[in-house]
**Q** 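Below you'll find the structure I mean.
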Amino acid sequence: MEKLLRKGIREAVRSLYGADAGDDLLQIQKTRREFEGDFTLVVFPLSKISHHSPEQTANEIGEYLTQRIDAISGFNVIKGFLNLTISPSEWTTRLDGMHAVSNYGFFEPGPGAETVVIEYSSPNTNKPLHLGHIRNNLLGYSLSRICAAAGNNVIRTNIVNDRGIHICKSMLAWQQYGNGRTPDSEGMKGDHFVGDYYVLFEKKLREQIEPLVAAGSTPEEARENAPLMQEARSLLLKWEAGDPETVNLWQMMNSWVYKGFDVTYRALGVEFDKIYYESDTYKVGKEIVLHSLEEGHLIRREDGSVWIDLTADKLDQKLLLRSDGTAVYMTQDLGTAVIRYNDYHFDRHIYVVGNEQNYHFQVLALTLLRMGYEWAKGLHHFSYGMVELPEGKMKSREGTVVDADDLVTEMIATATAMSQELGKLGGYSDIEKNNICRQIGLGALKYFILKVDPKKNMTFNPKESIDFNGNTGPFIQYTYARIRSVLKKAEDTGVTFSSRKDDNVIPNQKEISVIKLLNDFPGLVREAAAELSPALIANYCYELAREFNQFYHDYSILGEEDGNLRSFRLRLSELTGRVLGKALFLLGIEAPERM
RNA sequence: GGUUCCGUAGCUCAGUUGGAUAGAGCAACAGCCUUCUAAGCUGUGGGUCGAGCGUUCGAGUCGCUCCGGAAUCACCA
């Protein structure tokens with residue numbers, strides 16, 4: 001539609017003023033609600049070409065377009081704004097066209113499609129997932145669907161941080177205080193079980209630190225010298241040396257954690273195509289660093305540590321290998337990136353990681369480039385903001401961390417309670433009810449998180465439960481369910497609707513508003529992929545649902561006597577439902593048939 | 001201190017490559033179920049877009065300065 005306008009306006013300018021108008025001069029936007037019209041041309045930039053006043057220019061162009069283009073039925077000019085009205089029959093034609101496309105709004109990967117690797121989740125295996133991880137997982141998963149819908153080949157991947165001193169801490173605590181207990185023996189999820197030992201380690205460590213500080217040590221010294229810390233370090237050395245007993249313990253505890261993570265991932269509805277483990281990739285990272293050192297890209301200091309000097313790029317020197325030869329965080333990320341490139345030859349690699357690591361990813365990409373990996377230009381840090389509580393950051397010390405499993409459980413419980421209170425889902429089996437309430441509770445949570453601009457920090461107030469009314473996931477799900485319900489009733493009562501356009505249907509303003517939004521959907525999918533913004537999709541869902549609900553409220557669909565009009569409204573409703581379903585799909589939100 | 005990000009209604013958030021009188025939801029108040037699902041629809045009140053200066057026909061949006069908040073600058077991850 002915009003293309004058509006753009007072409008027409010360019011012709012008008014050429015014919016009227018004998019000049020070519022570049023794209024930057026043709027500013028077309030949707031007409032604001034308070035004015036009459038569908039599309040607005042901002043004429044100010046063109047008055048330089050026309051050498052007439054903005055008003056006169058607008059009138060001349062409007063006149064030209066109305067006469068030459070059938071789809072444009074009228075225009076009005078307010079100041080420098082040319083408001084164009086699209087003829088109602090053009091809208092029914094558009095609806096017909098959209099309705100006929102089977103996978104409307106989604107694009108197949110063409111010959112030139114990019115391969116995009118998306119890394120998200122990236123958990124440590126010493127703690128269960130919390131609200132911060134939920135934001136990460138939901139963003140990553142949604143991005144993967146959006147990028148795929150825009151026609152890219154997407155690989156969803158995860159890097160599990162399964163080694164390092166933090167893992168050794170929970171291992172040590174279990175060794176010393178576990179008495180052979182297991183998640184099974186305690187009836188606990190494995191990640192929570194292991195996480196408790198990590199917390200226990202910190203508690204016992206603090207008990208050891210206190211007397212040392214009282215005896216005159218600085219807190220830093222005391223921490224380093226505490227017996228538990230020493231033991232944790234020696235456990236890490238044993239692990240790196242491949243000590244069988246340590247490795248066995250590590251494998252056993254990690255397997256507990258993975259079992260727990262699987263449950264959480266399944267509950268959240270996220271998936272991966274390929275999972276990498278830091279315990280594999282750090283070795284490759286070390287090789288790459290040593291190789292690059294030989295090639296002269298890096299610096300070896302006297303103590304044996306290896307660094308890269310990025311001061312020329314206004315960054316610092318960065319450690320890549322410790323003096324004892326062991327790997328740091330950066331080392332394994334270098335290795336992971338190289339392995340992934342070898343695995344997939346990606347065009348782009350998107351890291352979904354919090355903004356606290358902005359510096360890290362700047363260094364990562366630059367380092368790989370210095371090492372000669374040109375593809376590192378395709379690395380992109382998708383940096384999202386923290387989830388904060390009203391009091392500020394979540395602190396595990398103060399027990400204010402919002403646990404992922406707990407939150408999901410609560411959301412479903414709230415959905416269930418609300419459903420009961422509203423007297424919904426009569427006649428459904430318990431299994432069906434539970435499934436729908438699960439979809440709604442998760443829909444509320446996911447939408448709540450995804451509607452916010454990813455790069456901003458967001459606030460979550462545990463005391464106020466997430467809304468189910470207004471601009472929420474359930475609102476959109478509800479709109480979808482309503483539409484499905486109408487379509488089901490149509491089917492049950494034998495009302496059919498043709499997919500072909502009827503010329504004599506003149507849509508009303510509400511209907512046109514909905515069609516306009518439906519018309520935006522494919523462009524929106526592309527834009528969301530380009531901007532990497534699930535929030536765009538979420539806000540679109542809301543707008544579409546709201547617009548449809550107004551139409552639904554004001555007009556009858558099945559009760560319409562005029563068969564052509566009824567058929568048109570059914571087509572409109574069906575496509576709206578389809579688009580809402582697809583948009584929710586892009587957010588990783590399920591759409592219930594009834595609620 | 002350096003770098004990066006954020007600041008919009010009481011609260012949570014939208015606001016397109018700079019366009020018209022800055023929008024939603026929640027909360028508050030007032031209405032609408034005999035009719036396809038009221039988790040809905042309609043209305044009322046609520047704003048110095050952190051502050052100032054600049055760029056321009058036009059600034060919430062771009063630039064500079066300042067104020068406030070966050071992150072980061074580890075032989076942690």
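Per chain, numbering begins at 1; letters A, B, ... match sequence-line order. From a predicted model like this one, the values you see are computed outputs, not experimental measurements.
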**Q** NA contact type, A/K393, heavy-atom cut-off 4.0 Å: base, sugar-phosphate, or nothing?
**A**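 Contact class for A/K393: sugar-phosphate only.
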**Q** Taking any heavy-atom pair under 4.0 Å as a contact, classify A/N83: base, sugar-phosphate, or nothing.
**A**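 Here A/N83 touches the bases of the nucleic acid.
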**Q** So which nucleotide from B/rA77, B/rA14, B/rC57 ends up closest to the side chain of A/H166?
**A**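 Nearest to the side chain of A/H166 among the choices is B/rA77.
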**Q** When we call it a touch if two heavy atoms are under 4.0 Å apart, what does A/Q357 touch: a base, just sugar-phosphate, or nothing?
**A**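 Result for A/Q357 = base.
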**Q** For a ring pair (Phe, Tyr, Trp, His ring centres under 6.0 Å) with A/Y542, tell me which candidate from A/F475, A/Y478, A/F548 qualifies.
**A**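 In the set A/F475, A/Y478, A/F548, the residue that makes a ring pair (Phe, Tyr, Trp, His ring centres under 6.0 Å) with A/Y542 is A/F475.
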**Q** Students often get this wrong, so: under 4.0 angstrom with heavy atoms, is A/N461 touching a base, only sugar-phosphate, or nothing?
**A**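 The residue A/N461 makes no contact with any strand.
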**Q** Could you give the distance separating B/rC36 and B/rA27 at their C1' atoms, to the nearest angstrom?
**A**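 32 Å, rounded to whole Å.
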**Q** Heavy atoms from C-beta onward define the side chain here; which of B/rA38, B/rA77, B/rC41 lies closest to that of A/H553?
**A**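 Looking only at heavy atoms from C-beta outward on A/H553, the closest nucleotide is B/rC41.
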**Q** Between A/D562 and A/R566, is there a salt bridge with N-O shorter than 4.0 Å?
**A**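 Not counted as a salt bridge, because no side-chain N and carboxylate O are separated by less than 4.0 Å.
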**Q** Would you say the ring centers of A/F497 and A/F568 fall short of 6.0 Å from each other?
**A**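 They do not qualify: ring centres at least 6.0 Å apart.
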**Q** So does A/R163 pair up with A/E240, basic N to acidic O under 4.0 Å?
**A**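 Judged by the 4.0 Å cut-off on N to carboxylate O distance, A/R163 and A/E240 do form a salt bridge.
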**Q** Which part of the nucleic acid, if any, lies within contact of A/I483, taking any heavy atom under 4.0 Å across all strands shown: a base, the sugar-phosphate backbone alone, or nothing?
**A**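 No contact.
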**Q** Base, sugar-phosphate, or nothing: which does A/Y359 touch, judged by heavy atoms less than 4.0 Å apart?
**A**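 Contact class for A/Y359: sugar-phosphate only.
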**Q** Where the side chain of A/V452 is concerned, which of B/rC41, B/rA14, B/rA77 is the nearest nucleotide?
**A**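 Within the option list, the nearest is B/rA14.
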**Q** Does A/K451 make a side-chain N or O approach to OP1 or OP2 of B/rU12 shorter than 4.0 Å?
**A**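 No, because none of the side-chain N or O atoms of A/K451 sits under 4.0 Å from OP1 or OP2 of B/rU12.
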**Q** Under 4.0 Å, heavy atoms only, any strand: does A/F44 hit a base, just the sugar-phosphate, or nothing?
**A**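 Base contact.
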**Q** Check the phosphate of B/rC36 against A/S485, side-chain N and O only, distance under 4.0 Å to OP1 or OP2. Yes or no?
**A**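 False: A/S485 side-chain N/O out of range (4.0 Å or more) of B/rC36 OP1/OP2.
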**Q** Donor-acceptor pair under 3.5 Å: do we get one between A/T479's side chain and the base of B/rA39?
**A**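 A donor-acceptor contact between them is absent.
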**Q** Select one nucleotide: of B/rA24, B/rC36, B/rA39, the one nearest the side-chain heavy atoms of A/Y542.
**A**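 Output: B/rA24.
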**Q** What nucleic acid atoms does A/Q332 come within less than 4.0 Å of, heavy atoms only: base, sugar-phosphate, or nothing?
**A**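 If one applies the 4.0 Å heavy-atom cut-off, A/Q332 turns out to touch nothing in the nucleic acid.
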**Q** Would you indicate whether the side-chain heavy atoms of A/E547 and A/K516 approach each other to under 4.5 Å?
**A**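 Heavy-atom side-chain distance check fails, nothing below 4.5 Å.
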**Q** Less than 4.0 angstrom from a charged side-chain N to a carboxylate O is my criterion; do A/E202 and A/R223 meet it?
**A**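 Salt bridge between A/E202 and A/R223, a charged N being under 4.0 Å from a carboxylate O: yes.
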**Q** Which stems, defined as runs of 3 or more consecutive Watson-Crick or G-U wobble pairs with both pairing distances under 3.5 Å, involve RNA chain B?
**A**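 Runs of three or more consecutive pairs: B:1-7 with B:67-73, B:10-13 with B:23-26, B:28-32 with B:40-44, B:50-54 with B:62-66.
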**Q** In this structure, is the centre-to-centre distance between the rings of A/Y329 and A/H360 below 6.0 Å?
**A**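 Ring centroids of A/H360 and A/Y329 are less than 6.0 Å from each other.
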